[in-house]
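Worksheet: one structure, shown below.
All chains are named by letter (A, B, ...) in the order of the sequence lines, taking the proteins before the strands, and each is independently numbered beginning at 1.
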There are 2 protein chains.
Amino acid sequence: MNAPADSADVRRRNLALVLRYLDAHGPCARTEVAVGTGLVHATVTALVTELIDRGLVCEAGSVPSGGRGRPRRLLRLIPERVVILAAQVTLEYVHVMAADFRGHVLHRESAPHHAPYGDPRALAAVIACLVRSAEAAVRNATPHAHLAQLAVAMAGPVVGPSHLVAAAIDFGWHSTDLRALVAAELPGLDCPVDVVNDANMAALAEYHALAAEGVRHPDTVAYIKADTGVGGGLLVGGRVHSGSHGMAGEIGHLPIALDGPECRCGTRGCLATYLGPEPLIRAAGLERLAEAQGGEAALAELDRRLRDGDPDAVAALGAAGHALGAAVLGVSGVTDAGEIILGGYLATWATWFRPGLEARLAGRRALSPDMQPVITFGVLGGEATLRGAFQTCRDALLDDPTSVPATRRTPVGGPVRQR
Amino acid sequence: MNAPADSADVRRRNLALVLRYLDAHGPCARTEVAVGTGLVHATVTALVTELIDRGLVCEAGSVPSGGRGRPRRLLRLIPERVVILAAQVTLEYVHVMAADFRGHVLHRESAPHHAPYGDPRALAAVIACLVRSAEAAVRNATPHAHLAQLAVAMAGPVVGPSHLVAAAIDFGWHSTDLRALVAAELPGLDCPVDVVNDANMAALAEYHALAAEGVRHPDTVAYIKADTGVGGGLLVGGRVHSGSHGMAGEIGHLPIALDGPECRCGTRGCLATYLGPEPLIRAAGLERLAEAQGGEAALAELDRRLRDGDPDAVAALGAAGHALGAAVLGVSGVTDAGEIILGGYLATWATWFRPGLEARLAGRRALSPDMQPVITFGVLGGEATLRGAFQTCRDALLDDPTSVPATRRTPVGGPVRQR
DNA sequence: ATATTTTTTTTCGAGTCTTGAAATAAATAA
DNA sequence: TTATTTATTTCAAGACTCGAAAAAAAATAT
């Protein structure tokens, strides 16, 4: 925001423009890129040449250009050129995925981490181990690929450009530089490491997954999910907005009732006390099962009962749907999100949440019908976070294609000209 | 976001950088600008020359540069060069203000508009009349000033780049192109006309007013105000974020209670039903006065009783303070605003709102103390909206100094060089 | 009084970038 | 074969920033 601009910035931006166009519109000729981006033919030629030099794009045959005239030489992305690493840390496991630029998964591995409470170093070691394994597999399969970035998604607010994990309650951390710890364990890895918030990444992933299905998103999109907890994310123009402390969208503690049940956070009536797994389990009368066999088993049983039409279970979700409706109104009122994506079991159990949710929303007389936020449901399930971590790396590369080195040797000052 | 970049963009950005530096750091020499902006001396010379040509900057004497050496030639802004017009439309009045770049008010005028319900044309005519009057006064006083922009602040959501007022309930409008109407009434005015949301502008103004007092704002700041209604705004990096429908921050209908009082909006438990003027008047037992003499008189009486220590009045605000606390928690939870500015009578009556507000907030065990949002109070009172409309024009000019035409004749291709 | 030092500012050539016009390439139709 | 059409590249021009060197303007040293 406050650094001088120069011609390199112009280049970067226009390269990004061309690369994005090719990514979005598939193989097409230089002429089409010129028309689509607003750049002049000559510039497109130069930019495409650079993208080819960097190995991101190649020519893919010619097609006749309708009637007579020189045929178009198609350009297409080379997705294999770039490999992205994404990691996700949950309470018990670390998941790592390697994928090419298109999102094609090349490698995937998980391991329980048994990291002692309050010891990020142990966890970093597990992450590093899996990452090394993924890297080796990728190097073996596609030795010429460029390792673009590693993003580690993590439950906890991630602050600003330093990527410090400010506080991960479940892990007992406080202002932890997980990025540095992971990077220190991976001395050979020559790609940037980022630490990101898991719910934000899930939001990003669902956003892109829905866009791929043809959904046209509004400027501001909110994401609310519930699984082991209640959280979410906020997207502005397709980018994560993480707020002042990396906590934007963390709406588990949105107050929706002035004197609702007490919450761990110290106040009353938080959304999580209506929509979180424990209150749902309790409302459905499954607390004994949860105590005996754990929360996951109870949720599985809840799922079974819902599908069997158990009235207690259905009623529990119906009531929670009302709370969800209040949250949707709150989020849309504050952020003016034009779309709200529901994920986690909010999506899995959409059938049972819907009645309560819609009842709560229907009451609202919006200023005009097209201002009512659109409710959509996530489609990625448990994959969302990892896909989002991948997506954020992908976006970074699309923003700056110059981060990929040239493969062809290009003499400084462009090709030597002979006279 | 999707237009090609060229060297003109680089110029624009670097000009903005230099102009912003001079605006923020007062008169200083080219060397200091170079160090402060990160630009090279040679470039600063060129950029400053252009700003001087455009009449935005001038040299203001020399100061010895500590010991020996060539003295520094100070540069300073010429605030009189630029005139900005700001208008505000309330239910009964139109206010227009003309101010120079520094914010020095040159002219100020108000008129009741008596615009019939549902007729934006009549209102546009009143605005235009006051604007013409302001323009004439300014032209007379400072004939060489550049008229930069006119911003009209208006109660109602303003949508996207078209500046359409989507719905102004109080005026009976629907998808009104107020900008076009005003521009049509002002054929001679050769400056851009913008229509903006009033609460958003108030937010922007308070943000800058507090910054001028030395407050360091976090990335995300929310603004909540109450006067004739409850509304607000959301600022990200000092810029208004207006959401998908221009309604971000319009939190009057934030649900804070699952089954609170019914609201005009069709749902229950909206913030406005606790914090709006009517409920406060009712809670303080002043509804008869309000019926007889109108809401403003009742609010004035409420103010008097508060200062007299009337227990009913104090109790009313105490309870409302709790609701405000819930709203603050909600807003900060969703947006992760690091600071929340309270305006309107929330600021005037801060003394009486505070206990309830703080009680509600104190319960919250934040993840860490520095994540608790800071609560500040607006200082501009009724001036906020108009100042904000001014500020948004000012920002636009600081972003693009090339919008100000050159006064000196500069030959195309720079000064002619003789050999 | 003159030379030297120091600091600020400008000048100048070089390197990048985009652009528009002209040239080249590669096909079809006459 | 020749003309026409469409796609792509080449080339010179113009706009920027940058780094180094030169010029300017004062204080200090000789």
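- At dT7(C), none of the side-chain N or O atoms of Arg72(B) fall inside 4.0 Å of OP1 or OP2 (strictly under the cut-off).
- Listed pair Asn14(B) / dC16(D) fails the phosphate criterion, with no side-chain N or O lying under 4.0 Å from OP1 or OP2.
- Within 4.0 Å (heavy atoms only), Ala29(A) reaches sugar-phosphate atoms of the nucleic acid but no base atom.
- Whole-Å rounding puts the Arg11(B) CZ to dC17(C) C1' distance at 15 Å.
- Using a 4.0 Å heavy-atom cutoff across all strands shown, Ala5(A) reaches sugar-phosphate atoms only and no base atom.
- Taking only side-chain nitrogens and oxygens, Arg68(A) never comes nearer than 4.0 Å to OP1 or OP2 of dT4(D).
- Distance NE2 (His41(B)) to P (dA23(D)): 18 Å, rounded to an integer number of Å.
- Each of Gly69(B) and Leu39(B) has a nearest nucleotide on DNA chain D; the 5'-most of these lies closest to Leu39(B).
- If Glu32(B) and Val40(A) are placed on DNA chain C by their nearest nucleotide, the residue sitting closer to the 5' end is Glu32(B).
- One atom, CG of Asp9(B), and another, C1' of dT19(C), lie 14 Å apart when rounded to the nearest Å.
- The CG atom of Leu17(B) sits 16 Å away from the P atom of dC16(D) (whole-angstrom rounding).
- Nearer the 5' end of DNA chain D, as judged by each residue's closest nucleotide, is the contact made by Pro71(A), out of Ser62(B) and Pro71(A).
- Residue Thr31(A) is in sugar-phosphate contact alone, with no base atom involved, counting any heavy-atom pair closer than 4.0 Å across all strands shown.
- Proximity of Leu75(B) to Glu59(B): side-chain heavy atoms (C-beta onward) are separated by under 4.5 Å at one or more points.
- Comparing dT10(C), dT17(D), dG20(C) by their nearest atom to the side chain of Val10(B) picks out dT17(D).
- For Gln391(A) and Tyr207(A), the side-chain atoms include no donor-acceptor pair closer than 3.5 Å.
- Rounded to whole Å, atom C1' of dC16(D) lies 13 Å from atom CZ of Arg12(B).
- At the phosphate of dA27(D), neither OP1 nor OP2 sits under 4.0 Å from any side-chain N or O atom of Arg70(B).
- Distance, Leu47(A) CG to dT8(D) C1': 14 Å, rounded to whole Å.
- At the phosphate of dT9(D), OP1 or OP2 sits under 4.0 Å from a side-chain N or O atom of Thr45(A).
- OP1 or OP2 of dC18(D) has at least one side-chain nitrogen or oxygen of Thr43(B) nearer than 4.0 Å.
- With distances taken from any side-chain atom of Arg30(A) to the nucleotides dT9(D), dT17(D), dT19(C), the minimum falls on dT9(D).
- A cation-pi arrangement is present between Arg394(B) and Phe101(B) under the rule of less than 6.0 angstrom and at most 45 degrees off the ring axis.
- Rounding to whole angstrom units, CG of residue Leu74(A) and P of dA27(C) are separated by 14 Å.
- The side chain of Arg73(B) places no N or O atom within less than 4.0 Å of a non-bridging phosphate oxygen (OP1 or OP2) of dT9(C).
- If you take CG on Leu164(A) and CG on Asp177(A), they are separated by 5.0 Å, rounding to the nearest 0.5 Å.
- No hydrogens or angles considered: a donor-acceptor pair under 3.5 Å links the side chains of His241(A) and Thr220(B).
- Rounded to whole Å, atom P of dC17(C) lies 9 Å from atom CG of Asp6(A).
- Nearest heavy-atom pair across Ala5(B) and Val10(A) is O-CG1, 3.3 Å.
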